[in-house]
Amino acid sequence: MSRYSAAEIEPKWQSTWEEAGVFTATRDESRPKYYVLEMFPYPSGNLHIGHVRNYTMGDVVARYKLATGHAVLHPMGWDAFGLPAENAAQERKVHPGDWTYANIDNMKSQFARLGLSLDWSREFATCDPEYYGQQQAMFIDFLEKGLVYRKNAVVNWDPVDMTVLANEQVEDGKGWRSGAPVERRELTQWFFRISDYSEELLDALDRLDEWPEKVKSMQRNWIGKSRGLQFAFSVIDGPEGHDRVEVYTTRPDTLLGASFIGISPDHPLARQLERDDADLAAFNAECRRMGTSEEEMEKAEKKGFDTGLRVRHPFDTGWELPVYVANFILMDYGTGAIFGCPAHDPRDLEFARKYELPVATVFAPAMGEEGTFILPEDGGPAYVPPKPETVRYIKGFAGDEAQTGDQAINAAIAFCEENGVGHGVTKFRLRDWGLSRQRYWGCPIPVVHCDSCGVVPEKKENLPVELPRDIDFDQPGNPLDRHPTWRDVPCPACGASARRETDTMDTFVDSSWYYARFTSPRAATPTDETDARYWMNVDQYIGGVEHAILHLLYSRFFARAMNECGHLPDTAREPFDALFTQGMVTHEIYQTRDDQGRPVYHFPHEVTNGRLADGTEIEVIPSAKMSKSKRNVVDPVAIIERFGADTARWFVLSDSPPDRDVEWTDAGAEAASKFLGRVWRLAQDVPGAPEQGEGDSDLLREMHRAIHDVTMGIESFGFNTSVARLYAFANTFAKSKAGRAAKMQAMRTMAQLMAPMTPHLAEEIWEMLGGEGLIAQADWPKADEAMLVDDTVTMPIQINGKRRTEIEVPKDMDKTEIESLALATDAVQKALAGGEPKKLIVVPGRIVNVVV
RNA sequence: GCCCGAGUGGCGGAAUGGUAGACGCAGGGGAUUCAAAAUCCCCCGGUGGCAACAUCGUGUCGGUUCGAGUCCGACCUCGGGCACCA
């Protein structure tokens, strides 16, 4: 008997599939189409095990859909622009393009060994001029439609390296390379008007039935629709032009609990006041030294600066409130100014206690529900019940004394509108999408700055605006800015000498439409109408939950914007019909520190028994998402070399549910390999099995159940249960004494059921057992419903909810018969001790519960 | 800090509100073998018991229900996201 050798059979079938063009997607109006897409990878240089998991899952779906008669589109490409290439350029003196394409070559060869059912003829990288040229064309369309504009926005500025830093490059408020404290700097930048679509992006979530609830929930919160009151406090003796401070609040019902006004350090009033107030200027400067991330702002100690200004309460002109500049107020949200109500906001309470401001409770728990309620002014915590909860208003001014927060808010808005104090407004948290990056390795923004014409889009016939090849990273900052010739171009409008925009696009732009480009990757326009119409939408999108908000929201916006510019049909405004977020593969992080105490990370393969090769002991940080920067990644190539691709595929699908994180350990790959060997041997034995056997129908019954269960598993993304089911089927098969014909049928079916997961092994068995054609193109087996049900069923009998015994009954036995059988059992008789049951629950086919 | 998840044997996990622990790993025992590898078979949550069986048990505390891993509330721990990592 020959041994199962993945090294021999896998390349053989991979070339067979390729030669037969099995996975080339072609439009076929006679078949239902199915577009399955996994989030394309960043070409870091090597596949990691997370990729294997992600792409194997997509492959299972793609192969299954092919077997069920669909025209399948399953493409692959590269999310190839981005920071790591520039980091490599600085650290290793390689050109970002060379580095990227070399990585792509390497990863593509690793991909090939996994035997994925990908249509490689559609491959592209986002850094291909052909791709980003089309992106530039769309940018110009967006510009004409008013979907893009320029405004000022702050960035993290490293004053030593003289460069803009990504949030990731800011550590504890300092630049990661220079160690210099980061400053906020304002630059004129390009923005997409995604906020114009807030309402639509929010409403459409309700119709995304095949998206995970958690993702929709995160997007809803991110979009952040709120109803509130916008009104103004009048400033007493304020500086010229600042006699009012506009405030937005979602809790106008707490107006009588107001204790101070807080404005952002970037608020126009704060900027005005700091001109004549050195202390305030210093305070604002300190606030501006913080990084730009919301997380950093929220975690920072809450600080304020009393401007000395006072404002009048809108309900009582004699009531004056102090105006503080506070470091936790975002200029980007609302009006950049708030009123603080310490009794009902933990952050305001912390602030009020720190600066000894008054605390006044507006509402308390409803009558009879006070419990151990302590007034915030008496040292209790801020009282923030859910808005639908009924509370008792102590300092209410609209509506009943007892009402819900929601009712009170509505009543307060109505009251204020009637009395001329502001008006109700709906606001969204979602901000416009800043796409400018002051970097080289991205898609150039195709506009020209002309002294007489202003900002002028490049002519479409001049696209793509290609990145210059001759650049250097010897100095920090954007090489495009200091390139000797690239910037100098004639104005597309007047022909006078002008300057190219040197900002490039956020890489999220690249990944916001690649799914559409895959439908016609070589088209001379961004998309081809016929192809887009046929293939869109993506029927199943698969990727990491870390993309739950930004990438998916941006893509949803982009599809709408593309639709409005005629690049996608109306039906594709919502581009992903179904979404599956697979869990991450996690691994421990191994770290040492450099001479300045900064962390240095090490790959798992560099670590043996907690030490590096030179004997340095490493710190172990608990498992976290695998990431290039933390180096906690595992090389799947080593596993493929040792066991083969099928084993790697089988292993990543088994055990953990696909949507849950899995911690990578070496244990188990061995077991997967053993199992595949076992199936192989079982298949080899089939032709030699005796013609006549016993239990043919039992084996076939089990086969039909396996078909049913494995199919359900695949359709519901429960690949781990499909795998478990196949283990069980293999166990049954191994024990079966059935005759040759039954075994043949069962084994061919097993191969088919395994084919989406272990396609090479499946083809080999299929061929060995005389299957017709390629298993990759064979029709998916169908379960015979009649074979799925048992004639008898085991019913557990509970006494007071605890299982005590069981009875075996015909599956359609009626309730009263089951009742009498159950009551007759020894356990029930003993429990009843001659008495009557208090209650008897019989769920036919499921359970009997006797309450005594 | 805010938003979203997840917690079940030694381990990964299974379980339409209905027998908790399927399947796999590790472990133990056995068969085969001169021996080993490979393979095959059996056992395998804790406690008590020779056993039958009893009892406890799904992060913690409380609730709903005839019945809760599953539903509700509070908390703890871990993970993801927080707009320039991708």
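Every chain is numbered from 1 and lettered A, B, ... according to where its sequence line falls, protein lines coming before strand lines.
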In whole Å, measure the gap between the P atoms of B:U8 and B:G13 for me. 8 Å

Look at A:Arg804 and B:U55 and indicate whether a side-chain polar atom (N or O) is within less than 4.0 Å of OP1 or OP2. yes

May I ask you to evaluate whether A:Ser656 reaches the phosphate of B:G12, defined as a side-chain N or O under 4.0 Å from OP1 or OP2? no

Give me the distance, rounded to whole Å, that separates B:C25 from B:U19 when you measure between the C1' atoms they each carry. 25 Å

Tell me whether the OP1 or OP2 atom of B:U8 has a side-chain N or O from A:Arg660 closer than 4.0 Å. no

Counting the atoms with a prime plus P, OP1 and OP2 as sugar-phosphate, which does A:Val155 contact under 4.0 Å by heavy atoms, base, sugar-phosphate, or nothing? base

Who does B:G5 pair with, Watson-Crick or G-U, both distances under 3.5 Å? B:C78

Specify the residue among A:Gln798 and A:Val723 whose closest nucleotide of RNA chain B lies further upstream toward the 5′ end. A:Gln798

Does B:A83 have OP1 or OP2 sitting under 4.0 Å from an N or O in the side chain of A:Asn167? yes

Start at the 5' end of RNA chain B and walk down; is the nucleotide closest to A:Leu550 or to A:Asp79 reached first? A:Leu550

Applying the Watson-Crick and G-U wobble criteria at under 3.5 Å, what pairs with B:G17? Answer none if nothing qualifies. none

Between B:U58 and B:C4, how many Å separate the two C1' atoms, rounded to a whole number? 23 Å

For the P atoms, the ones on B:C72 and on B:U65, what distance do you get once it is rounded to whole angstrom? 16 Å

Does the cation-pi check pass for A:Lys302 over A:Phe351, that is, NZ or CZ under 6.0 Å from the six-membered ring centre and within 45° of its axis? no

Distance, C1' atom - from B:G46 to B:G10, rounded to whole angstrom: 13 Å

Sub-6.0 Å ring centroid separation between A:Tyr541 and A:Trp211: no

Pick base, sugar-phosphate or nothing for A:Ala548, based on heavy-atom distances below 4.0 Å to the nucleic acid. nothing

Are OP1 or OP2 of B:G24 and a side-chain N or O of A:Asn731 less than 4.0 angstrom apart? yes

With C1' as the reference atom in both, quote the distance from B:C75 to B:G24 in angstrom, rounded to an integer. 34 Å

Examine B:G67: is either OP1 or OP2 under 4.0 Å from a nitrogen or oxygen in the side chain of A:Asn849? Give yes or no. no

Just to be sure I understand the rule, does A:Phe675 reach a base, reach only the sugar-phosphate, or reach nothing, if contact means heavy atoms closer than 4.0 Å? nothing

Pair A:Thr502, A:Asp481: side-chain N/O donor-acceptor within cut-off below 3.5 Å: yes

How is A:Gln189 classified with respect to the nucleic acid when contacts are heavy atoms under 4.0 Å: base, sugar-phosphate, or nothing? base

Quick one: look up who B:U32 pairs with, Watson-Crick or G-U, both distances under 3.5 Å, and put none if it's unpaired. none

A:Lys802, NZ: over 12 other non-hydrogen atoms inside 6.0 angstrom: no

Is the gap between the ring centers of A:Phe558 and A:Phe192 under 6.0 Å? yes

B:U64: pairing nucleotide in any strand, Watson-Crick or G-U under 3.5 angstrom: none

Counting only Watson-Crick or G-U wobble pairs whose two distances fall under 3.5 Å, which nucleotide matches B:A54? B:U47

Suppose you measure atom C1' in B:A86 against the same atom in B:G80; what distance do you get, rounded to whole Å? 14 Å

